[in-house]
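These notes are about the structure you will find just below.
Sequence lines set the chain letters: A, B, ... in the order given, protein chains first and strands last, and positions in each chain run from 1. The basis for the numbers below is simple: all heavy atoms, side chains too, and nothing from hydrogens, waters or symmetry mates. The shown structure was predicted, so the numbers you read here are calculated from the model rather than taken from an experiment.
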Protein chains: 2
Amino acid sequence: MNELKGACIIGQSGGPTAVINASALGVIRTALDNGNITRVLGAAHGIKGVLEDRLYDMGQEDAAELDLLKYTPSSELGSCRYKLADPDKDDTDYKRILEIFKKYDVRYFFYNGGNDSMDTCNKISKYMQKSGYECRIIGVPKTIDNDLNGTDHCPGFASAAKFIATSCMEVHRDAHVYDTGMITIVEIMGRHAGWLAGSAALATWAGYGPDLIYLPEVDFDMDRFIADVQAIYNKTGKCMIAVSEGIHYADGSFVSEAKTSATDGFGHAQLGGLAAMLAEVVKSKTGAKVRGIELSLLQRCGSHVASKTDIEEAFAAGKAAVEAAVSGVTDKMVAFKCSREGGYHCETVLEPLDIVANFEKKVPREWINAAGNGIEQPFIDYVLPLIQGEANGPKENSLPRFAKLKKVLTTSM
Amino acid sequence: MNELKGACIIGQSGGPTAVINASALGVIRTALDNGNITRVLGAAHGIKGVLEDRLYDMGQEDAAELDLLKYTPSSELGSCRYKLADPDKDDTDYKRILEIFKKYDVRYFFYNGGNDSMDTCNKISKYMQKSGYECRIIGVPKTIDNDLNGTDHCPGFASAAKFIATSCMEVHRDAHVYDTGMITIVEIMGRHAGWLAGSAALATWAGYGPDLIYLPEVDFDMDRFIADVQAIYNKTGKCMIAVSEGIHYADGSFVSEAKTSATDGFGHAQLGGLAAMLAEVVKSKTGAKVRGIELSLLQRCGSHVASKTDIEEAFAAGKAAVEAAVSGVTDKMVAFKCSREGGYHCETVLEPLDIVANFEKKVPREWINAAGNGIEQPFIDYVLPLIQGEANGPKENSLPRFAKLKKVLTTSM
């Protein structure tokens, strides 16, 4: 084993999830307990915290509060949406990162995020290799979107899926209470991949869920959509529909596009308002009473209904990252390899960072029905094991008890 | 004791809640076990089921499935929004109700609902008295709005309050993840009373909640609102706001009014879209990134995060209704009398139906801060005991297991 002593940095990036802090805890706890890691630093707001020299000394936190990160939603260290430049064109940020790494003798860097964050991680890893500065760099995946390549699934996805399935079941009951007509449209996150909207099928599978589900994997056709809804509404007086925020027409334009033109730091269109827009269209075409519901942020921060499996796997991913790095591995992302035959089994493996970067894994077309408005059983078989188990996080006065960290800046010491 | 043998009818009316079925179970279970009640009939869609002779024979249900009603959201018997005419002007419906009561020898009528439903209950009660048909009629309260007069609180309110507080805590964490500016506006139900929006203060009390809360009890002023938001945003770079859907200007017009003109069966304006509208206004005035979140139906059907206290009290209200009726009481609504000194204690009492009908109980002005943009401690002291305890309803595959009733129509026998 190639022994390397030094400090480590853990950073969180991109949109938060219900369990991203469980991964951070997996890194922090394992690193604090490891003899080769001399100091554990948490970057405030991801790579921005490195660039700005805003690093928390995680060794000063109470162990019991740290443990509560398992049940605390969102990115407790703070997150960012910061895109590093191509180092061949502008290496300013990379030089600064190297400077900070040298300042604190950082020899381990763990970055906890989705596609864009793995890209950041990959660029830093390649730069450090080129610079000849020894630093082991491992990506820890997270994303509710579940669109990372090279892994069976992503931490964070299952808890969002569980929130979506549970909420759809409850909304289904509510939307069927009157004997008058009612159409309900539920808008679910997922820019380019339909994993989350597809998970609404768990509710249908359990007995109370959407009649129709539309994913971005299939081109959307407004006329066919209206015909689908009308047919079910005419027959039953009700219709419940789940739509991904990312549904788009055959020319690639988002159905929601007309509603907004703002973009985030990565140049992605800011979606939203799709349910309300579709509700207007359906109302005008059918004359029915229509309600649009946007699950919004609730679906990605709903830690009170998180999957225990997801929490444990998120922690395991962070732990595996540290163990791999200490044993000599670098330039990898932790991934999950799972089998579902004869019971669910999941193990962590390591994939090259440049394989996973900037590729969005879609729902296989054959897991979506031929009409493109529903989900097939293989999707259920895939996602069902992931949502098992209840979080049962600690409560105070019957409200969630989140971790309260001191966040002592190294710069203030 | 004035012994009266005969069938009973239980009906559910108005908007559903997470625990209205627990009240129905309280009625059904107690009635099935009572020797004087010869048959327990569930009205399909409230009073409409009586008018249309659509009555389920509850005695044919499996006991274990019935018990699951405690954890099944929405109105399992079906609900309605049907306003009975003034009997002096048009007694058609009343004659029909009397006809059905006679047909099945109905001597007990329990109606489970909010203000409008208690009005229905009261009218039927008075008509039966006038007609000389002996039938004991008791209202069983429910409403997430918590605006029924004559009771400390209403079953259904606390579970919605708990969903709102929990969700606001989680959203707060999510909305504070980036070091860039962000304003978050959460729209909460409550047409004329601010009990639900006020409950968002529980999240703030617990450490992570709205900075500003606006209730319909205080006239809304858009300029003051913008100034409030701007002040907090300028200072912290963030601002989280909870607004009741029913906020209105000094002239009484709803802030959301311009957005919709549809009305429901009772002539109430259909509100919604307020968060999106306020987000647009705040964005244009502050230039900040603003997100509007409407909790929508989720807040009233979120049985997975229901309050155990609420479930038990909802059941107790149904049970008390049957016990009172069997003992000779009629023309009353079950209410709660509570004390909070030296620990929370709640008991069921009976109030005259015509006292509770058509009066909306508001949040006391002194429980709202002087500026009209926040909540004082007495509100917290009032609501906190009500949300205690976890529902922990049964799960199947880690998803809720709702009651599956057979719903055998008496007419089909």
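A:Q12 does not touch chain B: none of its heavy atoms, backbone or side chain, sits under 4.5 Å away. When heavy atoms are compared at a cutoff of 4.5 Å, A:L202 approaches chain B by way of both its backbone and its side chain. Looking at A:F402, the atoms closer than 4.5 Å to chain B (heavy atoms on both sides) sit in the backbone and in the side chain alike. For a residue to count as touching a neighbouring chain, one of its non-hydrogen atoms must lie under 4.5 Å from one of that chain's; by this rule B:H304 touches chain A with backbone and side chain alike. Contacts of A:K308 with chain B are absent, with no heavy-atom separation under 4.5 Å from either backbone or side chain. Of the atoms belonging to A:S296, it is side-chain heavy atoms, and not backbone ones, that fall under 4.5 Å from chain B.
Looking at B:M240 and B:V186, their side chains come closer than 4.5 Å, going by heavy atoms from C-beta outward. Looking only at side-chain heavy atoms (C-beta outward), A:C80 and A:K48 come within less than 4.5 Å of each other. Side-chain contact check for A:E294 versus A:E245: every heavy-atom pair is 4.5 Å or farther apart. Taking the side chain as every heavy atom from C-beta outward, A:W205 and A:Q377 approach each other to under 4.5 Å. Side-chain contact check for B:I241 versus B:P210: every heavy-atom pair is 4.5 Å or farther apart. Residues A:R300 and B:D174 are in side-chain contact: their nearest non-hydrogen atoms beyond the backbone lie under 4.5 Å apart.
Counting heavy-atom pairs closer than 4.5 Å to chain A, the top residue among B:G292, B:G46, B:S303 is B:S303. When A:G302, A:A165, A:S307, A:A206 are compared by the number of non-hydrogen pairs under 4.5 Å with chain B, A:G302 comes out ahead. Note: B:V177 leads B:I387, B:V177, B:V305 in heavy-atom pairs under 4.5 Å with chain A. Annotation: maximal heavy-atom pairing with chain A below 4.5 Å, among B:T184, B:L295, B:N392, B:I293, occurs at B:I293. Per-residue counts of heavy-atom pairs under 4.5 Å with chain B were compared for A:N397, A:L384, A:T180, A:L77; the largest is that of A:N397.
Ring geometry, A:H176 versus A:H172: the interplanar angle falls under 30°, so the pair is classed parallel (tilted spans 30 to 60°).
Applying the side-chain hydrogen bond (donor to acceptor under 3.5 Å, both in side chains) rule to A:T143 yields no partners; only residues at least two apart in sequence or on another chain are considered.
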